[in-house]
Visitor: 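Okay, handing you the structure first.
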Number of protein chains: 2
Amino acid sequence: MTYIVLDCGDDDGWRTVARENKGPDLQRSITLLWSGRAPGRRGPRPQLSVERIAQAAVRIADANGLDAVSMQRVAAELGYSTMSLYNHVPSKDLLLEVTADVAAGQPPELDEVGDTRRAVRQWVGALWAGFQTRPWLLGVPLGHAPVGPNQLAWLDRLLRPLLAAGLVGGEARAAALHLTAIVRGLAQISLDMTGGHQGDDGFPHGEAELARAVADLLDPQSYPALAAVHAAEAAEAAGGYEGVDEDGLVPELAFGVDRFLDGVEAWIARSRQV
Amino acid sequence: MTYIVLDCGDDDGWRTVARENKGPDLQRSITLLWSGRAPGRRGPRPQLSVERIAQAAVRIADANGLDAVSMQRVAAELGYSTMSLYNHVPSKDLLLEVTADVAAGQPPELDEVGDTRRAVRQWVGALWAGFQTRPWLLGVPLGHAPVGPNQLAWLDRLLRPLLAAGLVGGEARAAALHLTAIVRGLAQISLDMTGGHQGDDGFPHGEAELARAVADLLDPQSYPALAAVHAAEAAEAAGGYEGVDEDGLVPELAFGVDRFLDGVEAWIARSRQV
DNA sequence: CTAAAACTATGTACGTCATACATATATATG
DNA sequence: CATATATATGTATGACGTACATAGTTTTAG
């Protein structure tokens, strides 16, 4: 997988692109993000590359979190000067985008038999596991719809069982978006609950502390439903639960995914019938 | 709604809290975020307040985006020195948190009759509209589960119809999380599609450009499902669609929400039956 | 009523960040 | 070979978050 970013070599590279922000160069920029650069170039052989830089960024993020990923830190990791990076990457934002794509890696192979639910659950479990392994991925600001090769590969893998199940184009896309959003959203929220992270903000982290702290100021008058849920969950928690099922789904996630799939299956059945 | 953040007045305020990061002060910090400060204080009357600061931050974010919200800019907006803010807010992270809660505002009133689906759709539509109005809310990094009064009020409002419909505590919470995630995720992705934003990254924005650019490099070999979906959507697009329904839901969102609600309703029916 | 304590607003300063710009160097093309 | 063109580097700039010290103000303790 080769990333080359925006270096169109036309006039003065991406600088032009970033400024005009109009015209056919836009297309070329994404194209070059994918296709790799023309082989015959002048100048010295580049020792650095977008991949090496992104991999270094991944290493740093894995070790010290997303905040630790600065241009200087990445350059130091590679043993180059800070400004060298800008010969391969036009901005930090774009670097993070490539980094996220690299970190996402290849999507899982799904059981290709007719069991849609199984395949989707596997996919969801894999994505969930990915966010568990690399929590910092949730912190990468996503500026637009995914365009990286790996991101698209993940999307493609999910679309396969959905299409096979009988969803038409737009529905499959919506369903895929939906499932992605569920995993991201739930991962986002449940991360610090389980980790006992300590941010720099002096807030409590860890499920127990936060739950108790919030419970204390939950006025049942103003928040009746929340109070009810909290009480109910306290009762439920008596029977120790909290595990993952065979696809690696935590109960909350499984509930949402399964209910959604119930609805989708019913929809497909209804569509077929008409 | 009064926000007072972490100023426990015990020794040297939140500084202590942030350092120890353990002990009962944690609870007090959230408590104080809510309850307001003790009335009898020494020192001069504070002219600034967390609310005023957060409101200024909202104003700036509304006008110039989240990136424009710096401590210096906020202070300038209010006509105070930068460091004054730190008498009311312990860090920028926490300020953003409060800002997001202020910007979220009050949740909508939902039709309280038995129509669960209608109520949920209204809620979803309102949240969607909120993200449309204040796109920058999607950019506020969320470090933990929501604890702000408004955030919790939104959650509470959504939980009401879900509980009324017959979900038990944990299920209702999961469903609410789920719906929130859908809206956030879809808003996140579809924002720049519709806006024609131009980021600083020299990437094309706007649905048409991006779709075409991506289509060109979509190798049907590697991305069969994606290519199929793209082709199907191109065909579908012939009949001009793209509207919102009566609850303000864009089609993709409506599909996901409705399928999920289908599944939830079936689940409830099944649970009742047993 | 006075003095101390505690809080607010401010100014200065520091370290870090992204990145614009200029320069030296190395390479492929004419 | 000469020139155009890339790359790696060094320096510099402006913005940022925030630690720290200071001056001024108001409540509380004696």
Side-chain angles (χ1 to χ4, degrees), chain A residues 4-16 18-19 32 37-50 52-53 57 60 64 66-76 78-96 141 199-202, chain B residues 4-16 18-19 32 37-50 52-53 57 60 64 66-76 78-96 141 199-202:
Chain A
I4 300 295
V5 188
L6 284 180
D7 190 308
C8 317
D10 198 49
D11 193 15
D12 60 341
W14 58 67
R15 271 162 263 252
T16 311
R19 292 224 187 81
L32 283 164
R37 97 179 42 204
R41 299 280 293 250
R42 295 198 176 169
R45 297 270 158 65
Q47 321 173 247
L48 254 44
S49 70
V50 186
R52 282 188 64 197
I53 295 175
I60 295 168
N64 299 97
L66 193 61
D67 288 348
V69 177
S70 69
M71 298 305 267
Q72 358 242 349
R73 182 89 176 66
V74 172
L78 292 164
Y80 286 83
S81 79
T82 306
M83 292 311 288
S84 304
L85 306 184
Y86 285 94
N87 286 311
H88 308 267
V89 163
S91 73
K92 189 191 178 183
D93 285 341
L94 231 43
L95 168 58
L96 283 185
D200 307 338
D201 49 4
Chain B
I4 301 295
V5 188
L6 286 180
D7 190 310
C8 316
D10 197 48
D11 192 14
D12 60 341
W14 58 67
R15 269 162 266 250
T16 311
R19 291 226 188 80
L32 282 164
R37 97 180 44 203
R41 299 279 293 246
R42 294 195 176 172
R45 295 273 157 62
Q47 322 173 248
L48 255 44
S49 69
V50 187
R52 283 188 63 198
I53 295 175
I60 295 168
N64 299 96
L66 192 61
D67 288 347
V69 178
S70 68
M71 297 306 267
Q72 358 241 348
R73 182 91 176 65
V74 172
L78 292 164
Y80 285 83
S81 79
T82 305
M83 292 312 288
S84 303
L85 305 184
Y86 285 93
N87 286 311
H88 306 267
V89 163
S91 74
K92 189 190 179 185
D93 284 342
L94 231 43
L95 169 57
L96 283 184
D200 307 338
D201 49 3

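To find a chain, count down the sequence lines: A is the first, B the second, and so on, and within it residues start at 1.
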Visitor: How many angstroms lie between atom CD1 of B:Ile53 and atom CG of B:Leu95, to the nearest 0.5 angstrom?
Guide: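 One finds 7.0 Å between CD1 of B:Ile53 and CG of B:Leu95.
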
Visitor: Looking at residues at least two apart in the chain, or sitting in another chain, which of them share a side-chain contact (heavy atoms from CB on, under 4.5 Å) with A:Gln47?
Guide: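 A:Tyr80.
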
Visitor: By side-chain hydrogen bond (donor to acceptor under 3.5 Å, both in side chains), which residues pair with A:Ser81, not counting sequence neighbours?
Guide: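 Only A:Ser84 meet the side-chain hydrogen bond (donor to acceptor under 3.5 Å, both in side chains) criterion with A:Ser81.
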
Visitor: Nearest-Å distance, OH (A:Tyr86) to P (C:dC21)?
Guide: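 Result: 13 Å.
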
Visitor: Give me the atom names and distance for the closest heavy-atom approach of B:Met71 to B:Leu85.
Guide: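 Shortest heavy-atom contact: O-CD1, 3.3 Å.
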
Visitor: Polar pairs (N or O, both sides) under 3.5 Å between protein and nucleotides 24-27 of chain C?
Guide:
unit_1	atom_1	unit_2	atom_2	d
C:dT27	O4'	A:Gly43	O	3.2
C:dT27	O2	A:Gly43	N	3.4

Visitor: Do the side-chain N or O atoms of B:His88 get closer than 4.0 angstrom to the phosphate oxygens (OP1, OP2) of C:dC7?
Guide: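 Answer no for this pair, as no side-chain N or O of B:His88 is under 4.0 Å from OP1 or OP2.
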
Visitor: What are the two closest heavy atoms between A:Val50 and A:His88, and how far apart are they?
Guide: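 Reported closest heavy-atom pair: CG2-O, 3.5 Å.
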
Visitor: Might you point out which heavy atoms bring A:Ala68 and A:Ile60 nearest each other, and give the distance in Å?
Guide: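 Looking at all heavy atoms of both residues, the shortest contact is O-CG2, 3.7 Å.
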
Visitor: Can you check the A:Ile53 CD1 to D:dA8 P distance for me, whole Å?
Guide: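 These atoms are roughly 9 Å apart.
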
Visitor: Among residues at least two apart in sequence or on other chains, which ones pass side-chain contact (heavy atoms from CB on, under 4.5 Å) with A:Ala76?
Guide: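 Not a single residue meets the side-chain contact (heavy atoms from CB on, under 4.5 Å) criterion with A:Ala76.
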
Visitor: Just how far, in rounded Å, is P of D:dA8 from CG of A:Leu78?
Guide: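 So the CG-P distance, A:Leu78 to D:dA8, works out to 11 Å.
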
Visitor: Would you give a per-nucleotide map of nucleotides 10-17 of chain C, 5' to 3', where B means the base has a protein non-hydrogen atom under 4.0 Å away, S means only the sugar-phosphate does, and - means neither?
Guide: BBB----B

Visitor: What pairs with A:Arg73 under salt bridge (Lys or Arg N to Asp or Glu O under 4.0 Å), at least two apart in sequence or on another chain?
Guide: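 With neighbours one apart ignored, the set is A:Glu77.
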
